[in-house]
Each structure stands twice: as C-alpha cells, then as structure tokens.
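Structure first, commentary second.
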4 protein chains.
Amino acid sequence: MAGSVNKVILIGNVGADPEIRRTQDGRPIANLRIATSETWRDRNSGERREKTEWHTVVVFNEGLCKVVEQYVKKGAKLYIEGQLQTRKWQDQQGQDRYSTEVVLQGFNSTLTMLDGRGEGGASSSGGRGSSSDFGGGSNSGDDYGAPSQPSGRSSGGGGNFSRDLDDDIPF
Amino acid sequence: MAGSVNKVILIGNVGADPEIRRTQDGRPIANLRIATSETWRDRNSGERREKTEWHTVVVFNEGLCKVVEQYVKKGAKLYIEGQLQTRKWQDQQGQDRYSTEVVLQGFNSTLTMLDGRGEGGASSSGGRGSSSDFGGGSNSGDDYGAPSQPSGRSSGGGGNFSRDLDDDIPF
Amino acid sequence: MAGSVNKVILIGNVGADPEIRRTQDGRPIANLRIATSETWRDRNSGERREKTEWHTVVVFNEGLCKVVEQYVKKGAKLYIEGQLQTRKWQDQQGQDRYSTEVVLQGFNSTLTMLDGRGEGGASSSGGRGSSSDFGGGSNSGDDYGAPSQPSGRSSGGGGNFSRDLDDDIPF
Amino acid sequence: MAGSVNKVILIGNVGADPEIRRTQDGRPIANLRIATSETWRDRNSGERREKTEWHTVVVFNEGLCKVVEQYVKKGAKLYIEGQLQTRKWQDQQGQDRYSTEVVLQGFNSTLTMLDGRGEGGASSSGGRGSSSDFGGGSNSGDDYGAPSQPSGRSSGGGGNFSRDLDDDIPF
DNA sequence: TTTT
DNA sequence: TTTT
C-alpha cells in the first residue's frame with residue numbers, strides 16, 4: 001500500500017536493565033520494557049490518580065543495541081521512535097498468541113537518552129562495517145547554504161542515537 | 001511519572017467497515033482495523049516485497065465515534081494519532097491474555113480522513129453537546145497577532161477531527 | 001483543506017527564562033527560545049562537531065502559560081508539541097518580514113518538563129477556571145474495559161501539561 | 001546537547017510544481033511549498049472559517065529529490081517528516097534576515113505521497129550510488145523472529161520514500 | 001518493572 | 001500557491 005506511516009514515539013523510563021540476545025549469526029537484539037504514565041486529578045474525589053502503561057521495545061539495530069548495552073540501565077529515561085509490530089507465536093498449548101512490540105529496526109528509528117545517565121562514552125549508533133559518505137566534504141561547494149553535515153544523527157555521551165548514522169561513521 | 005509521552009501515528013487503510021459498540025450507559029466505542037505496509041526491493045533477489053502490519057484502533061471519544069460512524073468505510077485512508085494501550089483479559093481457559101491497541105481517547109488524539117471519502121457532511125468532531133464554537137471572538141482585542149481561531153481542530157466533510165471537543169466530559 | 005496535519009515535536013533546552021506578555025484583555029502569552037542540537041563525527045577530520053538550532057515557541061494557552069510561568073526556567077529540558085506558524089510583520093522600513101514560530105495553541109499542543117526542575121508544585125495544565133476534574137465517574141458502567149480516566153493530560157510537579165483543559169474557551 | 005529532538009510532521013498539498021536546483025558539485029536540492037489548513041466553525045457567527053499555513057520544504061536528499069522530480073506535482077498531497085532549520089541571509093540592504101524551513105536532509109526524513117498521483121513508477125528514494133546491505137539475507141538464521149527486511153523504507157508507485165533506503169537499493 |  |  002502506498003503512502004503508509006507506522007510510527008510510535010515514547011518518552012518513558014526503563015523498568016529493568018535491558019536484556020541483550022544474539023541471533024545465530026551473531027546479530028544483537030535488545031529488549032527493553034519502558035513505562036509511560038499519566039497522572040490526573042479525579043473529577044469526583046479530587047484525588048490524584050496515575051496510570052502506567054508498559055511497552056515492550058525491541059531493538060534490532062546493531063548500533064542502537066550497542067548503545068543500549070553500554071548506556072541504558074534500569075530507570076533511564078529514554079526517547080524512543082520506532083514502529084508497531086505484532087508478532088504471532090504459539091503458546092505451550094499450541095494456541096496462536098500475538099504480541100505487539102515497538103520495534104527499532106529500520107530507518108526512522110531513534111533512541112535518545114534524556115537523563116544524564118550513560119554519559120561519558122563516545123559511542124554512537126553502530127554501523128554495518130563499511131563507511132560511507134555524509135555530511136562534511138560532500139557538500140562543499142554547495143552554494144545553497146545546505147548545512148554541511150547530516151541531521152538526525154549524533155553520538156557521544158548521553159546522546160542521541162539514530163539508526164541512521166550506521167554506515168557513515170567509521171569507528 | 002513526570003515527563004512521559006505515549007504517541008502513535010498511523011497512516012493506513014481501514015480493513016473493514018468499522019464496528020460501533022455501546023457501553024451500558026450509551027457511550028459509543030468504535031473499533032477499526034488499519035493496515036500499514038512497507039515495500040522494498042530485496043537486496044539479493046531484487047524482487048519487490050511488501051509487509052503489511054495490522055493495527056487495532058479503538059475510539060472512545062464520542063465525537064470521533066460519530067465521525068467514524070458516518071464517514072469511515074472499508075478502504076478509507078486515515079491519519080490516526082493516539083496512544084498505545086495494552087489491555088489484559090482472560091481467554092476461555094482462564095489464562096491471561098494481552099491485547100495492545102491504539103487508543104483514541106484523550107486529548108492529543110486525532111483522526112483525519114485522507115481521501116475524499118465521507119465528504120459532504122457537516123459533521124464535526126463532537127463537542128460537548130452542541131456548541132462547537134471556537135476561537136473567534138474570544139481573542140478579539142489580542143494585540144499580539146495571535147490567530148483568532150483555535151488550532152488543531154476542525155470539522156466538515158472529509159475533514160480533520162480531533163478529540164478536543166471532548167463530549168464525554170459533562171460539565 | 002481536508003486531511004491536513006501540522007505538527008512540530010521538539011525536545012530541547014530553554015535558552016533563557018521565559019517571557020510572559022499579556023494581551024489587552026489579559027490573556028497571557030509566553031515566549032520561549034528552545035535549543036535543539038545534533039552532534040556527529042566529521043567524516044573527514046574525524047572531529048566531533050555540533051550544530052545547534054534555536055526555535056521560537058509561543059504559548060497562547062492560558063494553562064500552559066501558567067506552567068511556563070511557574071516552572072520553566074533557563075536551562076530546563078522540555079518536550080514540546082505544537083504547530084508551525086509563520087507570522088507576517090513590518091519592520092521599521094515598512095518592509096514585510098516573516099517569522100516562523102512553533103505555536104502551542106490548540107488541542108494537540110503539549111508541553112512536558114523532562115528534567116526534575118519545577119517539581120513540588122501542584123499545578124496542572126490550566127483548566128476552565130478550576131475544576132480540573134477528569135474521567136473518573138463518567139465512565140463508570142463502561143463494560144468495555146475503557147480506562148476510566150482521560151489520557152493525554154496530567155498535572156503535578158514537573159509534569160506533563162496538555163493544552164486540553166482549555167481554559168480560554170468560555171462556555 | 002544530548003537528548004535533543006527536532007521533528008516536523010506535515011500532511012498537506014503542494015502549492016506549485018517543485019523547483020529543483022543543483023549545487024555546484026551537482027547535488028540536487030528540491031524546494032516545495034506545502035499548504036496545511038484548518039477549518040472550524042466560528043463560535044459567534046456560526047460561519048465556517050479556514051486558515052491556511054504555508055510551509056517551505058527543502059529536500060537535500062538526493063533520493064528524495066528524484067522522487068520529487070518525478071512524481072510530485074502541484075496539488076499533490078504529501079506526508080513530510082523533516083526538521084526545522086532557520087537560515088540566516090542578507091537582504092539587498094545588507095540586513096540580516098532569517099528564513100525557517102522544513103528540511104529533509106538526514107535520516108529520519110521522509111516524504112510519502114498520499115494521493116494516487118505519481119503512481120506507476122518504480123522509483124525509490126535515491127541513494128548515493130553505492131549499494132549496501134539491508135534486510136534480506138543479513139537476517140537469515142535469525143532465530144528470534146526478526147523480520148528479514150528493513151522497515152521505514154519503501155518504493156514504488158505513489159509510494160513511501162524515506163531517506164533511508166538510499167544506499168541499499170541500487171538503481 | 002520505571003518514574004514522580 | 002494547495003486543497004475541501
């Protein structure tokens with residue numbers, strides 16, 4: 001279907017230290033549980049109430065997995081941009097079950113640390129080995145005023161990690 | 001938890017005519033199934049591939065329910081802004097089951113029709129009984145240049161419907 | 001035009017203590033400058049580089065203005081959801097000038113504090129004079145499992161403030 | 001600054017056929033004007049009112065520029081995801097002027113066609129010449145259920161074009 | 001299971 | 001300058 005968008009944006013806290021698994025061919029997958037909550041004052045009683053929602057976030061991106069592994073701990077506040085995916089599986093009785101997760105996999109996926117935790121590292125978001133162009137020199141000569149750097153990517157302590165920068169930033 | 005965000009943005013097509021239920025006290029609830037999909041070309045085979053994701057959308061807002069009831073049909077392309085909620089229920093064996101849905105309930109929820117369908121109506125996004133006033137005069141005298149109308153709300157055929165005019169809150 | 005969306009999402013730091021003006025009829029307007037920045041490693045030199053972008057945010061909502069007034073100080077980290085607006089004005093030479101701002105005015109506007117600053121207050125997002133009720137009883141009897149509270153709104157120290165409880169709309 | 005987000009999401013119509021320029025080193029830059037609008041009913045007069053906002057969108061991404069060049073015409077309805085940038089320039093009197101634009105440049109930038117226009121093409125979003133991996137084979141052996149394709153990218157007629165796929169889809 |  |  002042409003013209004489709006599937007985007008989830010979360011800001012919340014990590015409920016437990018992340019779990020990192022590996023696929024058979026060695027690719028990492030990180031699992032996070034993130035809590036978002038809303039508070040309001042009850043109309044009748046006037047009491048303050050709160051409802052917490054728990055989200056399962058699955059990070060398939062190698063670079064973001066490294067970030068998660070190094071910096072994300074229980075309690076960390078994160079900004080997450082990913083997409084909704086529902087996975088089908090069978091329970092022990094052989095019945096179909098479905099789990100809906102927020103997946104950080106492709107482009108347009110982002111994970112940003114919003115508190116001071118995890119700072120000090122120089123890590124960035126991964127990359128598939130090969131470097132590639134971007135930003136810097138490639139825009140030189142640009143007479144339009146185009147910024148000579150990429151956007152949406154960043155690195156460094158406590159930073160902003162996009163799936164993106166992947167291959168353009170050699171480590 | 002302070003400082004939390006839970007937002008889902010979808011653009012996709014409705015898989016079937018919506019289903020409208022009513023609560024015991026007469027409030028409508030609309031259920032929609034929305035498909036988003038991505039296509040890409042396989043790296044190895046070069047074939048075009050597509051993956052469709054189905055989302056369950058639940059509309060608790062009375063105004064948006066009216067919009068859904070009147071205008072949204074199978075095949076309609078919608079822009080949806082809501083939030084993720086996971087609901088726990090028991091299956092027939094008494095086992096806990098969980099369903100994750102995109103809920104349009106509070107403020108910051110939006111449903112916009114992106115194709116021509118549903119046009120011609122004068123319906124709007126609900127409203128507390130009637131009024132459906134807005135902006136206009138209330139800003140007169142504003143010396144700042146503030147637009148004299150609200151934003152984020154609208155009405156009219158094939159239009160943009162926000163939860164805003166929240167009709168489920170009796171004053 | 002039916003089916004239109006105009007949304008800006010920012011997470012950044014406030015550059016200076018906010019400025020609150022008032023319209024002739026006493027409505028508050030808050031102005032904020034918010035910095036977002038990206039860092040990346042230069043492809044060629046390998047140096048770490050950073051680019052900061054400054055955004056002008058204008059808050060027309062009375063409730064959010066109160067929040068800004070009470071809690072938002074220079075350096076605060078905010079989540080902002082608003083819309084783009086370009087305002088035309090004349091400079092001293094009588095020439096047309098344009099300023100583009102992120103406006104928090106209608107529904108779907110949000111301002112959330114992401115750091116601890118501003119905590120301890122009981123303030124909420126405004127509200128039509130007082131009340132600041134919500135959800136609660138109005139959903140009782142709901143046989144669907146609909147949460148009995150609103151979403152997207154909240155209050156409390158350091159909290160999450162939506163335009164919702166729109167106090168500038170006299171009923 | 002760590003932990004920063006700068007995101008603009010627009011759905012609107014293109015006001016005129018796009019303009020494509022080229023930098024000195026041959027990179028394309030597309031300029032679009034996109035209209036978003038809101039309609040509402042005036043509280044006092046009951047009249048239907050509308051306000052249109054015009055946005056300048058600048059596409060630095062080569063792949064997205066191709067898409068724009070081939071498919072985007074006056075009147076097209078687009079979904080745009082980019083970021084805010086304010087550019088400083090001097091007018092003829094040598095005075096500083098500022099223009100704020102929605103820039104599609106880095107990752108996390110998207111342009112999707114929401115109407116039927118432009119269909120039939122097989123084009124996708126560009127790429128910097130070199131191909132690269134993605135999806136497909138690289139996930140084979142994945143025992144986790146990870147989808148074996150990327151997300152956020154797509155191509156094809158009337159389709160969804162992300163900055164992303166750039167280098168993985170050889171043309 | 002987080003956070004306030 | 002779009003669109004409804």
Side-chain angles (χ1 to χ4, degrees), chain A residues 10-19 31-40 48-57 72-78 80 114-115 117, chain B residues 1-6 71 86 112-124 154-161, chain C residues 1-6 71 86 112-124 154-161, chain D residues 10-19 31-40 48-57 72-78 80 114-115 117:
Chain A
L10 300 177
I11 296 179
N13 295 280
V14 177
D17 285 347
E19 202 184 310
N31 274 267
L32 298 169
R33 289 283 286 168
I34 294 187
T36 56
S37 80
E38 337 173 34
T39 54
W40 71 98
R48 185 118 168 278
R49 301 190 56 187
E50 180 175 40
K51 181 169 177 245
T52 295
E53 192 69 37
W54 284 97
H55 310 272
T56 298
V57 174
V72 177
K73 304 295 174 202
K74 176 178 172 175
K77 175 164 282 188
L78 300 182
I80 288 283
L114 294 177
D115 45 16
R117 288 184 182 80
Chain B
M1 172 186 10
S4 175
V5 171
N6 174 0
Y71 299 117
T86 298
T112 300
M113 303 193 67
L114 295 177
D115 46 16
R117 289 184 182 80
E119 290 172 328
S123 158
S124 72
S154 76
S155 66
N160 190 35
F161 309 95
Chain C
M1 172 189 5
S4 175
V5 171
N6 175 0
Y71 299 117
T86 298
T112 300
M113 304 192 66
L114 294 178
D115 45 16
R117 289 183 183 80
E119 290 174 326
S123 159
S124 73
S154 76
S155 66
N160 190 36
F161 309 95
Chain D
L10 300 177
I11 296 178
N13 294 280
V14 177
D17 285 349
E19 203 184 308
N31 273 267
L32 299 169
R33 290 283 286 168
I34 294 187
T36 55
S37 79
E38 338 173 34
T39 54
W40 71 100
R48 185 117 169 278
R49 302 190 56 188
E50 180 175 39
K51 181 169 177 245
T52 295
E53 192 69 38
W54 285 97
H55 310 272
T56 298
V57 174
V72 177
K73 303 295 175 203
K74 176 177 173 174
K77 175 163 282 189
L78 300 182
I80 288 282
L114 294 178
D115 45 17
R117 288 183 182 81

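In what follows, every chain begins at residue 1, and chains take the letters A, B, ... in the order their sequences are listed. All values reported here derive from a predicted model rather than from experimental measurement. FYI, side chains are in, hydrogens and waters are out, and symmetry mates aren't considered; it's all heavy atoms of this structure.
Relative to the side chain of A:Ala35, the nucleotides E:dT2, E:dT1, F:dT1 differ in distance, and E:dT2 lies closest. Distances were taken from every side-chain heavy atom of D:Ser37 (C-beta onward) to each of E:dT1, F:dT3, F:dT1; the shortest belongs to F:dT3. For D:Glu50, counting side-chain heavy atoms from C-beta on, the closest listed nucleotide (F:dT4, E:dT1, F:dT1) is F:dT4. The side chain of D:Asn13 lies closest to F:dT3 when the candidates are E:dT1, F:dT3, E:dT4.
Partner of A:Leu78 under the side-chain contact (heavy atoms from CB on, under 4.5 Å) criterion, out of A:Leu114, A:Val72, A:Asn13: A:Val72 alone.
One interatomic measurement links the two molecules: CD of A:Glu19 to C1' of E:dT2, which rounds to 16 Å at whole-angstrom precision. Between the CD1 atom of D:Ile11 and the P atom of F:dT3 there is a distance of 17 Å, rounded to whole Å. In this structure, D:Glu38 atom CD and F:dT3 atom P are separated by 19 Å, rounded to whole Å. As rounded to whole Å, 16 Å separates atom P of F:dT4 from atom CD1 of D:Ile34. D:Asp115 places its CG atom 10 Å from the C1' atom of F:dT3, with the value rounded to the nearest Å. Regarding D:Lys77, its NZ atom lies at a distance of 7 Å from the P atom of F:dT4, rounded to whole Å. Atom NZ in D:Lys51 sits roughly 16 Å away from atom C1' in F:dT3 (whole-Å rounding). Regarding C:Leu114, its CG atom lies at a distance of 12 Å from the C1' atom of E:dT3, rounded to whole Å.
Counting only N and O atoms by type, the side chains of D:Arg33 and D:Thr56 include a donor and acceptor under 3.5 Å apart.
Between D:Glu53 and D:Lys51, at least one side-chain nitrogen of the basic residue sits less than 4.0 Å from a carboxylate oxygen of the acidic one, meeting the salt-bridge criterion.
D:Trp54 does not qualify as a stacking partner of the F:dT2 base, lacking a centre-to-centre distance under 5.5 Å together with planes within 30°.
Using a distance-only test at 3.5 Å, with no hydrogens or angles considered, a donor-acceptor pair links the side chain of A:Asp115 to the main chain of A:Lys77.
Shortest non-hydrogen contact noted between C:Ser4 and D:Ser37 is OG-N, 2.9 Å.
For F:dT3, its base never sits under 3.5 Å from the side chain of C:Ser4 at any donor and acceptor pair.
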